[in-house]
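Shown next, in structure tokens, is the structure this report addresses.
Keep in mind the model is a prediction, meaning the values are calculated, not measured. Excluded from the calculations below are hydrogen atoms, water molecules and symmetry mates; all remaining heavy atoms, backbone and side chain alike, are included. Quick note on labels: first sequence line is chain A, next is B, and so on, each numbered from 1.
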Number of protein chains: 2
Amino acid sequence: MAGIAEVAAHAGVSKATASRALSGAGYVSEATKSRVQAAAAELGYVPSAGAVGLATGRTQNIGVVMPYVNRWFFAEVLEGIQQALLERGLDLTLYDAKPGTEGRARIFDDFLARKRFDGLIAVGLEPVDHELERLTRIDRPIVSVVGSSELTSVVAVDDDYAARRATEHLIALGHRDIAFVGGAPQSHWAHVDQERLSGYQHAMTEAGLASFIRHAHSEVTLPGGYAAAADLLSDTRRRPTALVGVCDEVAIGAIIAARRLGIQVPSALSVAGIDDHEFAEMFSLTTLQQVPREQGRAAVSVLLAEIAEPGRARTELRIPARLIVRSSTAGIAPVESGV
Amino acid sequence: MAGIAEVAAHAGVSKATASRALSGAGYVSEATKSRVQAAAAELGYVPSAGAVGLATGRTQNIGVVMPYVNRWFFAEVLEGIQQALLERGLDLTLYDAKPGTEGRARIFDDFLARKRFDGLIAVGLEPVDHELERLTRIDRPIVSVVGSSELTSVVAVDDDYAARRATEHLIALGHRDIAFVGGAPQSHWAHVDQERLSGYQHAMTEAGLASFIRHAHSEVTLPGGYAAAADLLSDTRRRPTALVGVCDEVAIGAIIAARRLGIQVPSALSVAGIDDHEFAEMFSLTTLQQVPREQGRAAVSVLLAEIAEPGRARTELRIPARLIVRSSTAGIAPVESGV
DNA sequence: TTGAAAGCGCTACCAG
DNA sequence: CTGGTAGCGCTTTCAA
């Protein structure tokens, strides 16, 4: 309730001086500065964010748009962003833009246009053209996490590399009949799924296993992976010896399905994922680790740099995933020596 | 970029009239109203949230504080809140107040004090005294989701009832040696854990099974449930015939542990949970359903009512969970006729 | 080093 | 029904 005017009065100075003393900008004698600070503390003064925003043009607030918050990856990125902002005293306003909903349309048409933020982080948005056009209108720095964009800075894991590496790991173990599970033709996360699928395809092709390439579509969720794998594995005649999941959730779903079908992992079936999901350890899942929390933090750094220095060249951060071998993968037949 | 002054000029009216025409408050002739609206549309006018906030004292923004965003329950509540706010054109700023962190302290000391919102929703916060004191200082309506509070309105499932019902279900199936899994002495979510534990204890006691009461502590996560159950079940001499999980994540962890130990569910072990988690179906988990998304929506309704009508009496919504019987529970010995 | 005053963009009161 | 004007709470020239 106490405004800067009261603080100023209390300290016996003008509003202008009080403002300088509190914000640290401009010349103020040490004596008056501490007097003002004391007054502010005593009155429990807290500046009005709205007024500061109006006067400075800086909202001290960052917008975050993502299609889901209840998926591991997104939740982790969000936490990373939140932590980084917290340390810097910035607020975060969240826009949950679920694909294909009316709410998403409103976010792009109304909410984002309000520009209640100094910059925006778009996580796995995969905007369609119309939405992209809205985004460019915003006239505030934007950083994308996941995906690719010519217009914004990007922070992401190298998806192609991750899937390739997972596949190579299985090939090195002697597998030939390796299927790729996850991703649907018109999944929203099309880009990532596609990159990973193609990483798998490349690895297979390079190893001369092009004829074994198989893609079992599924929703990119744990139950989705479960269903797809249950389907794929129940056909005993054409059962692959190894699976690459488009992400850990799908891979874990596949492991659960295998267990229910009585198929031993890894002796009868090897499964590799991508992510290092919080459940990966529990399922002894071999995976390619990415740390979404760090991606969130990195996105904040990049964004703040762009806010501080308008016109800065865009940044593109591609982070290589790291292979973590646990015990969901094992050799088949005589094991070849590894890569 | 276009301000209301330009819109006014474009439409040949004063700023005041333009404001009324756009906000719909006060008398404006239909003719001028549509003229102003046309001008606004043409110029792509979007009001400055900060300025509106300053002038009206309403930020059109709701704050949400929660200790985690990456747990099923919290993520679901968050989505419910977000949806409800979206429909009403309100923004949401998120504060991720992880217990015991420095960030949490900052949120309570600095961020919330900024009062950048018209009202606050606290999800599973369980504030300690010092924090509670901060909260009361905020002087904005607050609604709690989960937990209990004398000071704020509350929206929550009836935890005692849910656990009691789960336990009764198992008792009705003929089980006597039923253990409760989950919750640690100083878990952050102490209140909920405690309520559920005591629901279990009551049901056991009322059925004359007090001597069978057993509580296996664990972290309230899927891996936590896995670890605790693995421990509990590996002692073959004292193995219970049924388990009540403090929540579905723990219950599912227990099922996974049981399967790994070769214990058939439900023939050798019945498991019941509380939540109806997104994975419940996949594990055929019998559970007491709550719908956190709806709790989020309800919290928004209550909060907006309190914002609209200051001094309104506090609301307390206790929602009874609904028993969903799947196939993780079954009778032991001759099945008694059910409750 | 400090103070006075002019806005930031909008709403709301009060005349007309 | 409409326009002028005074703020909302803060920052920021510009003089002193």
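- The closest donor-acceptor contact from the side chain of A:Glu131 to the backbone of A:Phe108 lies at 3.5 Å or more, if one exists at all.
- Phosphate contact (OP1/OP2 of D:dG3, side-chain N/O of B:Thr17, threshold under 4.0 Å): present.
- In this structure, A:Leu54 places its CG atom 10 Å from C1' of C:dG7, rounding to the nearest Å.
- Among the atoms of the strands shown, none is found under 4.0 Å from any heavy atom of A:Ser23.
- For C:dG3, the OP1/OP2 oxygens have no side-chain nitrogen or oxygen of A:Tyr27 closer than 4.0 Å.
- When atom types are taken as modelled, the side chain of A:Asn61 and the backbone of A:Arg116 share a donor-acceptor pair closer than 3.5 angstrom.
- Computed from coordinates, the B:Glu6 CD to C:dG9 P distance equals 9 Å when rounded to whole Å.
- A side-chain donor-acceptor contact under 3.5 Å links A:Arg106 to the backbone of B:Glu87.
- If you take CZ of A:Arg20 and P of D:dC14, they are 14 Å apart, rounded to a whole angstrom.
- Residue B:Thr32 places none of its side-chain N or O atoms closer than 4.0 Å to OP1 or OP2 of D:dC1.
- The side chain of B:Thr56 places no N or O atom within less than 4.0 Å of a non-bridging phosphate oxygen (OP1 or OP2) of C:dC10.
- Closest contact between the side chain of B:Ala16 and the listed nucleotides D:dG4, C:dG9, C:dC8 involves D:dG4.
- A close approach under 4.0 Å does not occur between any side-chain nitrogen or oxygen of B:Ser48 and OP1 or OP2 of C:dG9.
- With distances taken from any side-chain atom of B:Ala55 to the nucleotides D:dT11, C:dT1, C:dT11, the minimum falls on C:dT11.
- The 12-atom threshold is exceeded at CZ of A:Arg88, counting heavy atoms of other residues, nucleotides or ligands nearer than 6.0 Å.
- The side chain of A:Ser19 contributes an N or O atom lying less than 4.0 Å from OP1 or OP2 of D:dT11.
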